Peer 1: 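Handing you this structure, nothing more for now.
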Amino acid sequence: MPVAASAIYFLNLRGDVLINRMYRDDVGGNMVDAFRTHIMQTKDLGTCPVRQIGGCSFLYMRISNVYIVTVVSTNANAACAFKFVVEAVALFKSYFGGAFDEDAIRNNFVLIYELLDEIMDFGYPQNLSPEILKLYITQEGVRSPFSSKPQDSRPPANATLQVTGAVGWRREGLVYKKNEVFLDIVESVNLLMSQKGTTLRCDVTGKILMKCFLSGMPDLKLGLNDKIGLEKEAQVKARPSRSGKTIELDDVTFHQCVNLTRFNTEKTVSFVPPDGEFELMKYRITEGINLPFRVLPSIKELGRTRMEVNVKVKSVFGAKMFALGVVVKVPVPKNTAKANFQVTSGKAKYNAALDCLVWKVRKFPGQTELTMSAEVELISTMVEKKSWTRPPIQMEFQVPMFTASGLRVRFLKVWEKSGYNTVEWVRYITRAGSYEIRC
Amino acid sequence: MNADNRKGELVELKNQLRQLAGSRAPGVEDVKRELYKKVISYMTIGIDVSSLFSEMVMCSATSDLVLKKMCYLYVGNYARGHPDLALLTINFLQKDCHDEDPMIRGLALRSLCSLRVMNLVEYLVGPLHAGLKDSNGYVRTVAAMGVLKLYHISPSSCTDNDFPAMLKTQLLQDSDAQVVANCLCALQEIYLAEASRSDGSLKDRDSLYTTSVIYLLINRIKDFSEWAQCLVLDVVSKYVSSNPEESFKMMDILEDRLQHANSAVVLATIKVFLHLTLSMADIHQQVYERIKAPLLTLVSSGSVEQSYAVISHLHLLVLRAPTVFASEYKHFYCRYSDPSYVKKLKLEMLTAIANESNTYEIVTELCEYAANVDVAIARESIRAVGKIALQQYDVNAIVDRLLQFLEMEKDYVTAETLVLVKDLLRKYPQWSHDCIAVVGNVSSKSVTEPKAKAALVWMLGEYAYDMLDAPYVLEGFVENWAEEESAEVRLELLTAVTKIFFKRPPESIKMLGAALAAGLADAHQDVHDRALLYYRLLQQGVEIAERVVNPPKQAVSVFADTQSSEIRDRIFDEFNSLAVVYQEPSYMFLDKEHRGPIELTEDTGILPMDSKLSNDVLPSQHVEANDNDLLLSASEREESRGGVGNGSYAYSGPDLSGFDTPSPAAPSNNASLSSTSHTSPAIDDLLGLTFPAAPVPTSPSLKLKPKPLLDPATFQRKWSQLTIASTLDHTLSQPAALPSPQPLLRHMQAHSIECMASGGQAPKFKFFFFAQVADSPPSTGFFLVEFVVNTSSGISQAKVKADNADLVPAFGDLFVSTLRKFGSS
């Protein structure tokens, strides 16, 4: 049984019901009260996203200042239910044009009810594709008030065909004056480094985001510098060390528009793209990662009331590139009184709410080494704590035009029967995922 | 005040709606919309607006789609409570069902089916029939779901009108994939419910899982939407393929689904793969290798909640195939920012996949977490270290680590560690010297938690010889008896004080008196009873009391596993569902009788360790539990070894022997114990141990093989297959010579009768023996014996089973004569 949701509730942080959609009769109408008293008002909130109360399961997630609760009374598919909520929120966002929060919900609740009616029937997920739904759920959101004449909300003649059609993600007959494709390769680097400077784990999760403004039904082909011999374990081991240009992807997943059979036989990524913005593919890499930053911390506790913190950060990407929004958070004990800083660049201060020394560098050039040193004064406490447990140093950054995996787009071919010319834009960016260095 | 206001508002709304009902003025739709919005928003926050029903219905004659939808929503919500008013809506809904616009036809049909009013069912049948045959796919999808809704209102009118059969045809023929998916949903649910109503329709349900239907679905898989794919894959996973070639073909077609962007599709595909290969062990392993990468990707993508659902599944798979994931251990390292429910699962996975090659790294990492800010996680990680120690044969390094925890001087770390050290000592008594030296330094004042206190007290009682100040530490505890809130600790204290009295009487006699007096006066029934029991036993004599309170122990080889592999298999059958998240089969949380009260009872993340520890506190109980079914436990271990894969773990081998024969430390313990304190029986026992192997007795009719070999699984199989060929009663001449099973085991072994398992507690012991005819081929000619002896009375009984029943009388004679020799020598 896939989802079979009995009800979906949207609650604000106080527990007020914003949206309440019952799909089935097999749970009582007071389920939302059960959720409030047994989960929201206890300290268990947030300890586990799946809870069971009186035979019903509550699957909930918080998105900005809203809780979305799915109630099921059967042995439902949890992964599918969460995925459904995530997709539904994405759909709402595309309707509201951005934010999904309490205000947006209050302002658009009629629309939300209308959508909830369409995307799930009797608890089973139906069609969630924004492209298609927008053809026939046309109620204006908050952006234009009702004063304008109510639109003729009947769908165009072919819309209903589209509702259930096979190429569900693209509409026929699109026309753009300028045919453009934007390709964004976004990678996030995860790192866990021990005190001794050895890498405990390191991986990159990347995604290729696409924005298509193309006329007609174009066929696209994307070439990357990867070696997609989707690995058998044995080959991985026999593989020669990374020879510059080819990247070994550990695992790839594609948007449903990608022809997977062709990918498996010809190793090319070919597809008919949806209109507008979408995530073309996701990948994961664990080998041969170029870490953009090295961090060399040294923290000395001098007696009971003083600490000396010295953090060196070295950028190891190309000298012509630079990182933006670099933040280094060095944890300090709770009883920190104040800290005096010396930095070679950027600004540093002590943030008592986070119990961290926060060092920010707005623009960090490649191939440079910056340091922050601080003298931290502690308040001597009555409670004798033998050793302070040091949380890891965390780092945030964005490096444009750099990929930690080394992945590059080799080509992007667009083919359409009318044979128009297209403009392709490619961007790369690497962000910090969880970049942790123990100290 | 508020209620009055609201009432006033409702009345006003009512009037406004009434005015608008007939109006055809321009702009009236906008006003209506605003009013409807108000009504719906009241409905959402739980205000009863059902009094507006007739006005709402009157206003609903409109061509505005948005208004219509709001009206449908309203009607759907209140129709059930007002069946007579709902009748009003039928008319316009039925009219809409014939609208020329397919969208409106669909909407109307959906709303019609959602009224959920029993006496309106007759109005549903016609539109549903028409809907299923509609030329438009959208209407058909709605109709298919409508049939299911009808079934939920009135099963009989659904089946009597032949709707299931229509759905079945639609399922096989419809060109629209979403219609097919909805038919599949509806049929699955209807057949399942029918099956529980009557037995006949099980056939119907199985007709969904036939080759033709499954092939049809698989071949169209790409036509389905991602959600429908989840459903279809779930159905496919229930299909039993007839031969391996078929399975391979299916997997070939579905393999690209593993690359789908929707995590739910990937998980559903994984389920299909796992279930298709269940009967092919080696392919099954390959499937694990294949799905590893997609799973690990899912873990690190998507929202936290999604990855929690995925990690729960990964956790189940890791427990089933730890070796496959052993090399990926770094993926299960906790991130600082992971929520604690994810960290908990990761810790469990690290525990499960620890083996010789990665133990060092894993334990090092776990030790990092012991200093974690999150105390709950710190505790879990210490427990994890302990669990790994209990799994592994080579525990040297781990013990050192654990002992370092004690030096961290954090209360909760100390507490967890003490409990673990206790468990470790019960399994590996040979480490007692190292551990006790450190434990001795722990200040009893810093230990506050009951479980930790009980563990400390147990160690003080058990290792009184090694800890010089044990009596004095215990004395401190006894003095604070009244302040000790935990009954668990007081119980343990009674036992420890009594045990120490056997070992170091002069130092502890006074304390024993005080403890017994306090225990007798205790308000807690169990504590009182135990004090009374000890008191009476001591009245019978110190030796008797010691035999009961402090019998020689065997090292525990395997701690009872809280979750049997059978349950895990059931969860595995329900892969990709809540059962995996809750870590219990669905009947545990769906059936009413298993369900807890409404209170917050289910904490899904509890480590199995918790419940186990509570059993461990009373060592004696544990021995009894072992005794209950020796055969079972032996075979379970066999299974768990199988589950581990190719048995590459060091622990499984030595364990087994540790169960049958005393581990090296146990006898020496015995020896030191008896040499200092007590007299006759134990010394006999010592003598028994040093016997030179007696000449093998040969009776002319039967010769036994000197070293027969039989593995526990075969033993159990034979035991359950064969019938009892003979029952022998015998009274031992010197029953007291059996304070523990070991001497008898040695004796029987010397006479070519091997022991499979033994257990029990004085005065009752139980043994399983086996022997083999000397010149028989490897797996035949076995004799199996269940031997129960009561050492105080000397009465014993042996039940003999044999492959060859003819030889039983001869073997019986041999067995009894062997027993007789044991008594007389």
Side-chain angles (χ1 to χ4, degrees), chain A residues 2 17 19-20 25 38 44 47-50 52-55 57 61 75-80 82-83 86 109-110 113-114 121-122 124-125 127 136 139 146 150 153-155 160 163-164 166 168 192 200-201 205 233 250-256 260-261 264 282 284 386 389 391-392 434 436, chain B residues 29-30 37 44-45 64-66 69 73 101-103 136-138 145 148-149 176 178 185 223 225-227 230-231 256 259 261-264 267 289 293-294 297 300-301 303 305-306 308-310 330 333 335-337 341 371 373 409 576-579 581 586 589-590 595 598 600 602 604-605:
Chain A
V17 183
I19 295 286
N20 157 7
D25 283 337
H38 292 296
D44 292 325
T47 52
C48 183
V50 186
Q52 183 205 338
I53 300 165
S57 298
M61 56 200 300
N75 184 21
N77 180 339
C80 192
F82 281 126
K83 178 74 184 168
V86 169
F109 73 95
V110 176
Y113 274 124
E114 215 176 314
D121 197 3
F122 210 49
Y124 291 101
N127 194 343
Y136 63 100
Q139 192 183 43
F146 273 120
S153 41
R154 300 214 171 173
T160 44
V163 172
T164 54
L192 180 61
L200 292 176
R201 63 173 281 198
T205 53
E233 197 67 18
D250 277 25
D251 184 46
V252 206
T253 58
F254 293 105
H255 187 271
Q256 54 171 340
L260 294 172
T261 343
N264 280 339
K282 268 190 298 204
R284 189 168 53 84
K386 196 70 172 148
T389 58
S434 95
E436 297 176 354
Chain B
E29 309 277 286
D30 284 352
K37 266 175 95 173
T44 300
I45 53 177
D64 184 54
L65 198 60
V66 176
K69 282 185 186 165
L73 181 70
D101 184 345
M103 287 313 293
N136 188 286
Y138 180 73
M145 225 19 125
L148 180 58
K149 290 176 190 164
D176 190 314
Q178 189 64 45
C185 269
D223 299 344
S225 76
E226 43 194 342
W227 312 104
C230 298
L231 173 83
D256 56 13
Q259 252 119 39
N262 189 321
S263 52
L267 269 184
E289 294 289 347
T297 306
S300 56
S301 61
S303 68
E305 290 83 3
Q306 279 172 283
Y308 171 66
V310 174
K330 282 187 181 174
Y333 283 3
R335 289 184 191 176
Y336 190 67
S337 50
Y341 47 85
V373 208
E409 297 193 14
N576 204 11
S577 74
L578 281 174
V581 177
S586 59
F589 58 91
L590 291 181
R595 216 188 271 165
I598 276 277
L600 293 172
E602 315 293 335
T604 52

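In the text below, chain A, chain B and the rest are named by the order of the sequence lines, each starting its count at 1. Nothing here was measured: the structure is a model prediction, and the numbers come from that model.
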Peer 1: Please examine the side chains of A/P49 and A/F82, heavy atoms only from C-beta on, and report whether any two atoms are closer than 4.5 Å.
Peer 2: yes

Peer 1: Heavy atoms only, distances under 4.5 angstrom: which of B/L267, B/N262, B/I45, B/V310 has the most pairs with chain A? Name it, please.
Peer 2: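 Sorted descending by pairs with chain A, the first entry is B/N262.
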
Peer 1: My understanding is that only residues two or more places apart in sequence, or in another chain, count here; which of them pass ring-ring contact (aromatic ring centres under 6.0 Å, His included) with A/F109?
Peer 2: none

Peer 1: Chain B heavy atoms under 4.5 Å from A/K282: which part of the residue, side chain, backbone, both or neither?
Peer 2: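 The side chain, not the backbone.
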
Peer 1: Which bit of B/T297 comes within less than 4.5 Å of chain A, counting heavy atoms only: side chain, backbone, both or neither?
Peer 2: both

Peer 1: Is chain A contacted by the side chain of B/A309, its backbone, both, or neither, given a heavy-atom distance below 4.5 Å?
Peer 2: side chain

Peer 1: What part of A/L192 gets closer than 4.5 Å to chain B, counting heavy atoms only: side chain, backbone, both or neither?
Peer 2: side chain

Peer 1: Counting heavy-atom pairs under 4.5 Å to chain A, which of B/R335, B/K69, B/K330, B/E226 comes out on top?
Peer 2: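 The candidate making the most pairs under 4.5 Å is B/R335.
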
Peer 1: Which pair of heavy atoms, one from B/S225 and one from B/Q178, lies closest together, and at what distance?
Peer 2: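 Scanning both residues, the minimum pair turns out to be OG-OE1, 3.5 Å.
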
Peer 1: Between A/E436 and B/Y336, is there a donor-acceptor pair closer than 3.5 Å when you use the side chain of the first and the backbone of the second?
Peer 2: yes

Peer 1: Output the option from B/A579, B/P294, B/S337 having the highest count of non-hydrogen pairs under 4.5 Å with chain A.
Peer 2: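 Looking at each of B/A579, B/P294, B/S337 in turn, B/P294 comes out on top.
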
Peer 1: Do the side chain of B/Y308 and the main chain of B/S303 share a donor and acceptor less than 3.5 angstrom apart?
Peer 2: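 No: the side chain of B/Y308 does not pair with the backbone of B/S303.
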
Peer 1: Checking A/S57 against chain B: side chain, backbone, both or neither under 4.5 Å from a heavy atom?
Peer 2: both

Peer 1: Do A/E114 and B/V66 have side chains that approach each other closer than 4.5 Å (heavy atoms only, starting at C-beta)?
Peer 2: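 Answer yes - side chains close enough.
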
